[in-house]
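Structure first, then comments.
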Number of protein chains: 2
Amino acid sequence: MMENDIFKALADPTRRAILEKLSSGEMNASALREGMEISQPAMSQHLTVLRGAKLVQEERHGRFVNYQVNPDGLVFIAQWLTKYRSYWPARIDALKGLLKDMDQ
Amino acid sequence: MMENDIFKALADPTRRAILEKLSSGEMNASALREGMEISQPAMSQHLTVLRGAKLVQEERHGRFVNYQVNPDGLVFIAQWLTKYRSYWPARIDALKGLLKDMDQ
DNA sequence: ACAACACATAAGCAGATACTTATGTGATTC
DNA sequence: GAATCACATAAGTATCTGCTTATGTGTTGT
């Protein structure tokens, strides 16, 4: 199931850190490791999970694989959030109408 | 950490189902169990996790405890999502400005 | 062709997680 | 005030998760 894959993927702090790194531009797996104290296999495994959740996309360039944010998973979460619109604080109430637009 | 508590709490499908039940109105723990095939202790444990993530609020009424959605955790996720605004598909681009308003 | 490189996969393991049964706690009812 | 009810907590356990080390696969450079 899509929903479960996404939330499980985001449950791990290392994977959220990877996503955040990618938010500033696409990067290959080695570049992602820099300053992260994580082994090469661990990174590879995390990227597999993120790809399965449609949170990242990969693109091969020779022997490098560039990863970038995939909006699909994130859009799903935004849509999931709309189920709770009516409970949001009033000061963010203006968001409601726009979130509605996302329902197509 | 707040962020980790929220994402870990949402990683479990049963807890997401509980949240969704609460989205249609406040309910006590026994009412939440109806039609869910979950033991009483399991429900109690899940509600503890959801409360720790500020995704639900409790309110005692005699020997019943009413639970309701707590927007705090959900608002946090919406704010977290804004980090990836620039990767959203164009057709949802209109949302960008509004999400920005949430940054205060 | 071979060595070096970037990354993926396999297998094993320690710790985390979600369940279970049993029992505890506080409120209500008779 | 004793029984019942709604819920919480404790302790044990099977499964899941994320790591490790070892090895495999495909690409590049010489």
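Values below: every heavy atom of this structure, side chains too, minus hydrogens, waters and symmetry copies. Since the structure is predicted, the reported quantities are computational estimates derived from the model, not experimental observations. Just so it is clear: chains get the letters A, B, ... in the order the sequence lines come, proteins before strands, and each one is counted from 1.
If you check residues 31-45 of chain B against DNA chain D, the residues with a heavy atom closer than 4.0 Å are B:Q40, B:P41, B:S44, B:Q45, listed by number.
Rounded to whole Å, the distance from CG on A:L47 to C1' on D:dC19 is 15 Å. One atom, CG of A:L50, and another, C1' of D:dG18, lie 13 Å apart when rounded to the nearest Å. Counting to the nearest Å, the C1' atom of D:dT17 and the CG atom of B:N4 are 14 Å from each other.
When the shell of 6.0 Å around NZ of B:K54 is examined, it contains 12 or fewer heavy atoms from other residues, nucleotides or ligands.
DNA chain D is contacted by both A:R60 and A:K8; A:K8 maps to the nucleotide lying nearer its 5′ end (nearest heavy atom per residue). In this structure, A:N28 and B:R63 both approach DNA chain C, and ranking their closest nucleotides by distance from the 5' end singles out A:N28.
For the ring-ring contact (aromatic ring centres under 6.0 Å, His included) test, residues two or more places apart in sequence or in another chain that qualify with A:Y84 are A:W80.
Without hydrogens or angle criteria, B:K21 side chain to B:E34 main chain gives a donor-acceptor distance under 3.5 Å.
Remark: B:H61 is not in phosphate contact with D:dA6, judged by side-chain N or O atoms under 4.0 Å from OP1 or OP2. Contact annotation: A:R15 side-chain N/O to D:dG18 OP1/OP2 distance is under 4.0 Å. At the phosphate of C:dA8, OP1 or OP2 sits under 4.0 Å from a side-chain N or O atom of A:Y67.
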